[in-house]
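Taking it in order: structure first as structure tokens, then the write-up.
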Amino acid sequence: MDDRTKQKFSWPLFFSPFVSRLGDALFIFGLNWFIVRATGHASLLGIVQGIGGIVLVAGDLFAGPLVDKYNRKLVMLLADLVSFLACLIMAGIMDVNEPVFYQLVLLTCIIDIGLAFNFPAAKAVIPEIIRSDKLSVFNSWSNTGLTLADIIAPLFGGFLLNLHWINFRSFLFINAGSFLLSFILTLALKYKPEKDHTKESMPILESLAKGLAYVRNK
């Protein structure tokens, strides 16, 4: 895309990762509170978060090649949609009084996978939408927004805990709403890929192998 046709700033591209990040951070806050309250100790929390961390690292390894190969806006949409559906379904079936281990692990892994793919895609799409002379400004605002989301999430979570009706199901419905909002914002994003990612990119496993080799050599 010609630089003259790009934008100085994109509010959907700024707010979509911000809202998605806010949903991720709020989920972690609610998960911590729910597990400790239901079990009386944090051992289960450590196991769930540990498994989720492993999945997040594995997702990060494949995120780059997939983002290079496929439409980045589509990757962001799918990540938010899957996270939205996961929160919505688990909110309907989860027992908020007694946590079921596999449900917590499954939900955490799905959201971590969405996180692993959403943000690399959002970062990669910035140069395709924002003018080159405005990239540094937009990246600064974007990074500030993500940091602000990490600050707002526990403050908002603490406010929610003061409400007498709140439980983990409520947290999941709020999370689902945040991912749905992020999905809508991404959908409004004016984005046309600069190239056909499905035809010009190398195979995913080959790209991953070359990336790991580069890291090992450097």
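Numbers for residues simply follow the sequence, beginning at 1.
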Where do [X] and [Y] come nearest, in terms of heavy atoms and distance?
| X | Y | answer |
| --- | --- | --- |
| Ile130 | Ser10 | CD1-N, 3.8 Å |
| Ala121 | Met76 | CB-CG, 3.5 Å |
| Cys109 | Gly52 | SG-CA, 4.5 Å |
| Leu146 | Pro17 | CD2-O, 3.7 Å |
| Thr186 | Lys73 | O-CE, 3.0 Å |
| Val19 | Ser178 | CG1-O, 3.0 Å |

Co-membership, hydrophobic cluster, residues [X] and [Y], 4.5 Å side-chain:
| X | Y | result |
| --- | --- | --- |
| Val48 | Val100 | no |
| Leu172 | Leu85 | yes |
| Leu78 | Val75 | no |
| Phe173 | Leu163 | yes |
| Val57 | Phe119 | no |

With a 4.5 Å cut-off on side-chain heavy atoms, are [Y] and [X] touching?
| X | Y | result |
| --- | --- | --- |
| Phe179 | Ser20 | yes |
| Ile129 | Lys190 | no |
| Leu106 | Met90 | yes |
| Ile51 | Thr108 | no |
| Phe171 | Leu161 | yes |
| Phe15 | Leu181 | no |

Review point. Residues two or more places apart in sequence or in another chain: which of them pass ring pair (Phe, Tyr, Trp, His ring centres under 6.0 Å) with Phe138?
Key: Phe9
Review point. Parallel under 30°, tilted from 30 to 60°, perpendicular over 60°: which one fits the rings of Phe14 and Phe18?
Key: parallel
Revision key, fill the gap. Taken in chain and number order and not counting sequence neighbours, the residues that satisfy side chain to side chain donor-acceptor pair (under 3.5 Å) with Lys134 are none
Check your understanding: Got a donor-acceptor contact below 3.5 angstrom from the Arg169 side chain to the Ala91 backbone?
Key -> yes
Point to revise | Polar side-chain atom of Ser140 near backbone of Ser136 as donor-acceptor pair, under 3.5 Å | key: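 Checked: pair present.
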Rounded at 0.5 Å granularity, tell me how far [atom1] in [X] sits from [atom2] in [Y].
| X | Y | atom1 | atom2 | value |
| --- | --- | --- | --- | --- |
| Ile111 | Phe84 | CD1 | CZ | 12.5 Å |
| Phe183 | Leu185 | CZ | CG | 11.0 Å |
| Lys6 | Asp133 | NZ | CG | 10.5 Å |
| Gln49 | Leu104 | CD | CG | 10.0 Å |
| Leu77 | Ser16 | CG | OG | 8.0 Å |
| Leu88 | Ser83 | CG | OG | 12.0 Å |

Could you give the side-chain donor-acceptor pairs of residues 22-38 under 3.5 Å, partners two or more places apart or in another chain?
{"from": "Asn32", "atom 1": "ND2", "to": "Ile28", "atom 2": "O", "distance (Å)": "3.4"}

Check your understanding: Among side-chain atoms of Ser170 and Asn167, is any donor-acceptor pair under 3.5 angstrom?
Key -> yes
Point to revise | Test applied, side-chain contact (heavy atoms from CB on, under 4.5 Å); reference residue, Ile113; option that passes from Val82, Leu56, Val55 | key: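 One option only clears the test, and that one is Val55.
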**Study point:** Sole residue of Asn139, Asn118, Asn143 in side chain to side chain donor-acceptor pair (under 3.5 Å) with Lys123
**Key:**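 That would be Asn143.
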